[in-house]
Amino acid sequence: AADTIEQCIASIAEISSIDLDLIVTDDGSKDATASQLLKLQQRYNFRLVTQENAGQAASRNRMMTIAEGDYILFCDADDYVDAKKIEEMVKYAHTHHLDLCMGTNFEVDPRTKQVYVVEKEKRLKAISGLPVSSGLEYLPKAREYKVYSATTPSHLWSRQFIEQSHLAYLEGVRYEDVDFTFKSLL
């Protein structure tokens, strides 16, 4: 995480048109992440939570209990966001009173550094005609086009929805974000 955490935090810190409650968790890192986070905290003004290694799901569950913003976006240390897209998602979610606003995953080719949308054509077909829909409307389309969007760094949840639905990450499993996303769609 020490190699990627600054790019992650810097990309989130570029969000300027909305109030931001940035919470960073050091989940028992064994490298230089802890000292780097202390330096970054001075520059980027975030709340730092340190804990013994409990895993990604436990860290996210803890953050959901202390978050104060209207919407929650989860990122891992090796993720970074497009600040303008996040601002647009928050505005759209707020305007349409959405519980969940699903974004798109981008990947970077490590050799060419080219940025591309993951499964772009399939995703466009799946959401065609469904700009605002329920999870039950979205899931059949996603299944039809074989393009589930379950990774949480590209989605924005209403904190109120999470609290009212008693959503939590399933701890002790791999790909806990898949379980969390699907529970929020049902």
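None of these values were measured; they are calculated from a predicted model.
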Would F182 and L139 count as a side chain to side chain contact (heavy atoms under 4.5 Å, CB included) if you check the C-alpha gap in whole Å, the side-chain angles of each, and the deciding distance to 0.1 Å? CA-CA 9 Å; F182 281 102; L139 285 171; 3.4 Å; yes
Distance from [X] atom [atom1] to [Y] atom [atom2], nearest 0.5 Å?
X    : Y    : atom1 : atom2 : answer
M102 : Y138 : CE    : OH    : 4.0 Å
E14  : K84  : CD    : NZ    : 8.5 Å
I162 : R60  : CD1   : CZ    : 11.0 Å
W157 : F180 : CH2   : CZ    : 5.5 Å
S133 : L98  : OG    : CG    : 9.5 Å
T33  : L37  : OG1   : CG    : 6.5 Å

Not counting sequence neighbours, which residues clear side chain to side chain contact (heavy atoms under 4.5 Å, CB included) with K183? List them please.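 Applying side chain to side chain contact (heavy atoms under 4.5 Å, CB included) to K183 gives L167, D179.
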Would you say the side-chain atoms of [X] pair up with the backbone N or O of [Y], donor to acceptor, closer than 3.5 Å?
X    : Y    : result
S11  : C8   : yes
E137 : S134 : yes
R159 : G69  : yes
N61  : Y169 : yes
D76  : D78  : no
Y71  : A93  : yes

Got a sec, which residues hit side-chain hydrogen bond (donor to acceptor under 3.5 Å, both in side chains) with [X], two or more places apart in sequence or on another chain?
X    : answer
E176 : none
R62  : Q51
D21  : R47
N53  : D27

What residues form a ring pair (Phe, Tyr, Trp, His ring centres under 6.0 Å) with H166, not counting sequence neighbours?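 Counting only residues at least two positions away or on another chain, H166 forms no ring pair (Phe, Tyr, Trp, His ring centres under 6.0 Å).
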Taking NZ, NE, NH1 and NH2 as the nitrogens, is one of them in E87 or K91 under 4.0 Å from a carboxylate oxygen of the other?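 K91 and E87: not salt-bridged.
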Passing candidate, side chain to side chain contact (heavy atoms under 4.5 Å, CB included) with L22, options L73, I12, L48: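 That would be I12; it is the only one of L73, I12, L48 passing the side chain to side chain contact (heavy atoms under 4.5 Å, CB included) with L22.
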Member of T25, V24, D26 meeting the side chain to side chain contact (heavy atoms under 4.5 Å, CB included) criterion with S59: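 One option only clears the test, and that one is T25.
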A side-chain contact here means heavy atoms from C-beta on lying under 4.5 Å apart; do [X] and [Y] qualify?
X    : Y    : result
D177 : Y175 : yes
I18  : D70  : no
D79  : F74  : no
L156 : L100 : no

Count the heavy atoms of every other residue, nucleotide or ligand shown that sit under 6.0 Å from CD of Q160, and state whether that count exceeds 12.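 Count not over threshold, so no.
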CG of D19: more than 12 outside heavy atoms within 6.0 angstrom?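 Not buried by this count: 12 neighbours or fewer within 6.0 Å.
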Evaluate the ring planes of H94 and H97, with Trp represented by its six-membered ring, and classify them as parallel (under 30°), tilted (30 to 60°) or perpendicular (over 60°).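 Tilted.
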